[in-house]
Asker: 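This is the structure I have questions about; it appears just below.
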Amino acid sequence: MPAFRAPRGTRDLLPQDQLALGRLRALGEELAQRYGYHPIATPLFEQVAVFERGIGEVTDVIEKELFLLAPREEDGERWALRPEPTAGIVRAYVQHGMQTWPQPVKLTMTAEMFRYDRPQAGRYRSFWQFDVEAIGDPGPAVDAEIIELASRFYRRAGIKAFTILLNSIGDAACRPAYVAELTAYYREHVGELPPLERSRLERNALRILDSKDESIAALNAAAPKVTDRLCDACAAHFAAVREHLDALEVAYTLEPRLVRGLDYYTRTAFEIFPAGAMGQQSALGGGGRYDGLVELLGGRPTPGIGFGLGLDRVLLALREQEGGAGAIDAPEPTPVGVVVGSDPADTVTRLRVATDLRAAGLAARAELGQRKLGKQLEAAARDGAHFAVILGDELASGNVQLRDLEAGTQRAVALADLARELQRASISHRHGLAADRPEAMSD
RNA sequence: GUGGCCUUAGCUCAAUCGGCAGAGCAUCGGAUUGUGGCUCCGAAGGUUACGGGUUCAAGCCCCGUAGGCCACCCCA
């Protein structure tokens, strides 16, 4: 075992992982741009208060999962690594006066999040989220637009079957009364509650609702439902969101017991799961409306909605459904040419020829080790290179051998024409390959 | 944060009752001094996660720690 290893709950993304993650990031960025979202980046860490105020102090994310940074000075500011992107983006919205921009302000960010949680498969202390936020639009149309965007992302990423759970959890006008009613309901049945649920009763009764404890399943089924207690405005909003989703033919499942783990959510709330894996660490993403958040963080009352999609989990789900490496793990483009030579020691010429090819815009590699030609060619072939440029005695007359590694044929080419010849050869080569290359992420 | 299972070479795994730490793959080299993926041969790679304990003797038994995983919890 090495003396040092990646910190608990973190992992190194090796080239294959980083490549696959990069494809998901690129997909998110491309979609977000197409839907009119603009890129933003906020700091990796914020004042703790940004998260406490925004997310809510009585949430697991704040109480036990916040990744706190040790301050250098006793009276210094308290900082924490971001556990989610929304609070920081809304903080930026307020700080930069984005309420004076044309509304809504639509922002997107793909970034690493941090939660000091106990690690498990699919649950890391550092993980990637593709996030979009539409601030300044009360909906309901934008609610549907955002859910449709999430849905399209999963489809294009290659997730074959997923379920969107949808709920409305009311707003300041109706949720307090509902929570009071729910608390009263559970208080009557306090004797039937397991210890964990009992401890939640007075703090956040909503949490009891989505308990997986079998012993209170019946109790939960009989509990009053949020959706039956929405005020007229919330009920109308929720109905309109569903109407828009139906019109867009986005399938969803109503889940009246869905509550989100962050306090800032109002009205629309949704979570996405791979089909048939509705528990554990499998949620692929989630989001919702946060009409009170901008004000909580010091801005004017402004509605907003957004989602965060867990890219690590999308990757896990893709590999799971393929039973290993899937389309997302398509190999990296191979170098067109590798420059090898009969004189192992002559790295100068090999490097110079490769450099010229690169300057001409070609993907080329030179064998810089001093092994003999056979080994050089062997390495070039295993690299997946299409062509080998072989430097030998012909160099004296200005020629090199251009060898097609797949066909096993070669011909002499003047060094001066090498870039042009290689360019032409690689184009016909690529055309020949196009047929059996799978389209990884298409609509 | 709670409970449980696991940890042997870079990877996947062997190792009889507690009795010499091994294989396949991968890596590097040779067969092959100017021609590749196959094949054959060889080399390198280990504080058996770490720290204690029991024993003539520990990869194996006991205790602790770390990490991973599973179920909770929570979510992404």
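The sequence lines fix the lettering, A, B, ..., with proteins before strands; numbering per chain opens at 1.
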Asker: Any side-chain donor-acceptor pair under 3.5 Å between A:E394 and A:Q401?
Answerer: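 Judged by distance alone, the side chains do pair up.
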Asker: Please report the distance separating the C1' of B:rC60 from the corresponding atom of B:rU8, rounded so that it comes out in whole Å.
Answerer: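 Pairwise C1' distance, B:rC60 against B:rU8, rounds to 11 Å.
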Asker: Where the side chain of A:K372 is defined as all heavy atoms beyond and including C-beta, which of B:rG1, B:rU32, B:rG68 is the nearest nucleotide?
Answerer: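 Comparing B:rG1, B:rU32, B:rG68 against the side chain of A:K372, the answer is B:rU32.
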Asker: Which range-with-range stems can be found for RNA chain B when each stem has 3 or more Watson-Crick or G-U pairs in a row and both distances sit under 3.5 Å?
Answerer: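 Stems found: B:1-7 with B:66-72, B:10-13 with B:22-25, B:27-31 with B:39-43, B:49-53 with B:61-65.
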Asker: B:rG51 and B:rC13: how far apart are their C1' atoms, nearest whole angstrom?
Answerer: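 To the nearest whole Å, 27 Å.
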Asker: If each of A:L284 and A:Y116 is mapped to the nucleotide of RNA chain B with the nearest heavy atom, which maps nearer the 5' terminus, i.e. the 5' end?
Answerer: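 Result of the comparison: A:Y116.
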Asker: Expressed as a whole number of angstroms, how long is the span from A:D12:CG to B:rG10:C1'?
Answerer: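 In whole Å, B:rG10 C1' lies 14 Å from A:D12 CG.
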Asker: Taking protein heavy atoms under 4.0 Å as touching, what does nucleotides 35-41 of chain B look like 5' to 3' if B marks base contact, S marks sugar-phosphate-only contact and - marks none?
Answerer: BBB----
Asker: For A:K64 and for A:Q129, find the nucleotide of RNA chain B with the closest heavy atom, then tell me which residue's nucleotide is more 5'.
Answerer: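 The 5'-side residue here is A:K64.
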Asker: In whole Å, what separates the P atom of B:rG30 from that of B:rG36?
Answerer: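 Rounded to whole Å, the distance is 13 Å.
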Asker: Taking atom types as modelled, is there a side-chain donor on A:D143 or A:T268 under 3.5 Å from an acceptor on the other?
Answerer: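 Note: A:D143 and A:T268 side chains meet the donor-acceptor criterion.
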Asker: Taking the same atom, P, in B:rC73 and in B:rG19, what whole-Å distance lies between them?
Answerer: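 My reading of the P atoms in B:rC73 and B:rG19 gives 44 Å.
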Asker: Test of understanding: with salt bridge (Lys or Arg N to Asp or Glu O under 4.0 Å), list the residues that count as partners of A:D346, not counting sequence neighbours.
Answerer: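 For A:D346 there are no salt bridge (Lys or Arg N to Asp or Glu O under 4.0 Å) partners, ignoring immediate neighbours.
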Asker: Counting any heavy atom closer than 4.0 Å, what does A:G9 reach on the DNA or RNA strands: base, sugar-phosphate only, or nothing?
Answerer: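 Touches sugar-phosphate only.
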Asker: What does A:D393 touch in the nucleic acid at a heavy-atom separation under 4.0 angstrom: a base, only the sugar-phosphate, or nothing?
Answerer: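 The residue A:D393 makes base contact.
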Asker: Given the P atoms of B:rG45 and B:rC62, what is the spacing between them in whole Å?
Answerer: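 Here B:rG45 and B:rC62 have their P atoms 33 Å from each other.
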Asker: Rounding to an integer number of angstrom, what distance separates B:rU32 and B:rG22 when you compare their P atoms?
Answerer: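 Roughly 32 Å separates the two P atoms.
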Asker: What integer distance in Å separates A:R123:CZ from B:rA71:P?
Answerer: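 The distance from CZ of A:R123 to P of B:rA71 comes to 10 Å, rounded to the nearest Å.
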Asker: Do A:Y154 and A:F162 have ring centres separated by under 6.0 Å?
Answerer: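 Under 6.0 Å, so yes.
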Asker: Distance under 6.0 Å and angle within 45° of the ring axis: does A:R11 meet both against A:Y124?
Answerer: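 Yes; both conditions hold, so A:R11 lies above the ring face of A:Y124.
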Asker: Where the side chain of A:R118 is concerned, which of B:rC72, B:rG67, B:rU2 is the nearest nucleotide?
Answerer: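 Comparing B:rC72, B:rG67, B:rU2 against the side chain of A:R118, the answer is B:rU2.
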Asker: Whole-Å distance between B:rA76 C1' and A:L258 CG?
Answerer: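 One finds 14 Å between C1' of B:rA76 and CG of A:L258, rounded.
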Asker: Do any pairs count as a side-chain hydrogen bond (donor to acceptor under 3.5 Å, both in side chains) and have a residue in residues 218-227 of chain A, sequence neighbours left out, and if so which ones?
Answerer: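 Only A:Y186-A:N220 qualify under side-chain hydrogen bond (donor to acceptor under 3.5 Å, both in side chains).
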Asker: Measure the distance from CZ on A:F4 to P on B:rA49 and round it to the nearest whole Å.
Answerer: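 That distance rounds to 19 Å.
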Asker: Please report the distance, rounded to the nearest Å, between CG in A:D117 and P in B:rU2.
Answerer: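 My rounded result for the distance is 12 Å.
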Asker: If you only use heavy atoms from C-beta on, which nucleotide in B:rC70, B:rA66, B:rG68 is closest to the side chain of A:P119?
Answerer: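 Of the options given, the side chain of A:P119 lies nearest B:rG68.
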Asker: Taking the C1' atom in each of B:rA44 and B:rC25, what is the distance between them to the nearest angstrom?
Answerer: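 Result for the C1' pair: 15 Å, nearest Å.
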Asker: So which pairs with a foot in residues 381-392 of chain A pass salt bridge (charged side-chain N to carboxylate O under 4.0 Å, His left out), sequence neighbours left out?
Answerer: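 Listed by first then second residue: A:R365-A:D383, A:E378-A:R382.
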Asker: Using whole Å, what does the distance between atom P of nucleotide B:rG1 and atom CZ of A:R115 come to?
Answerer: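 Going from A:R115 (CZ) to B:rG1 (P), I get 17 Å.
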Asker: Rounding to the closest angstrom, what is the interatomic distance between B:rU55 and B:rA71 at atom C1'?
Answerer: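 After rounding to an integer number of Å, I get 38 Å for this pair.
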Asker: Without hydrogens or angle criteria, can the side chains of A:E133 and A:Y290 be said to hold a donor-acceptor pair below 3.5 Å?
Answerer: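 Yes, because at least one side-chain N or O of A:E133 sits under 3.5 Å from a partner of the opposite role on A:Y290.
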Asker: In whole angstrom, give the distance that lies between atom CG of A:L14 and atom C1' of B:rG10.
Answerer: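 For the pair A:L14 CG and B:rG10 C1', the rounded distance is 11 Å.
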Asker: Measure the shortest side-chain to side-chain distance between A:L166 and A:I147 over non-hydrogen atoms and say whether it is less than 4.5 angstrom.
Answerer: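 Heavy-atom side-chain distance check passes, below 4.5 Å.
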Asker: Check every strand shown and say whether A:G285 touches a base, only sugar-phosphate, or nothing at a heavy-atom separation below 4.0 Å.
Answerer: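 Sugar-phosphate: the residue A:G285, judged by heavy atoms under 4.0 Å, touches backbone atoms but no base.
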Asker: To the nearest angstrom, how far is A:R5 atom CZ from B:rG10 atom P?
Answerer: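 After rounding, the gap between these two atoms is 14 Å.
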Asker: Are A:F270 and A:Y252 close enough that their ring centers fall under 6.0 Å?
Answerer: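 No - the distance between ring centres of A:F270 and A:Y252 does not fall below the 6.0 Å cut-off.
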Asker: A:F45: what forms a ring-ring contact (aromatic ring centres under 6.0 Å, His included) with it, not counting sequence neighbours?
Answerer: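 Only A:W79 meet the ring-ring contact (aromatic ring centres under 6.0 Å, His included) criterion with A:F45.
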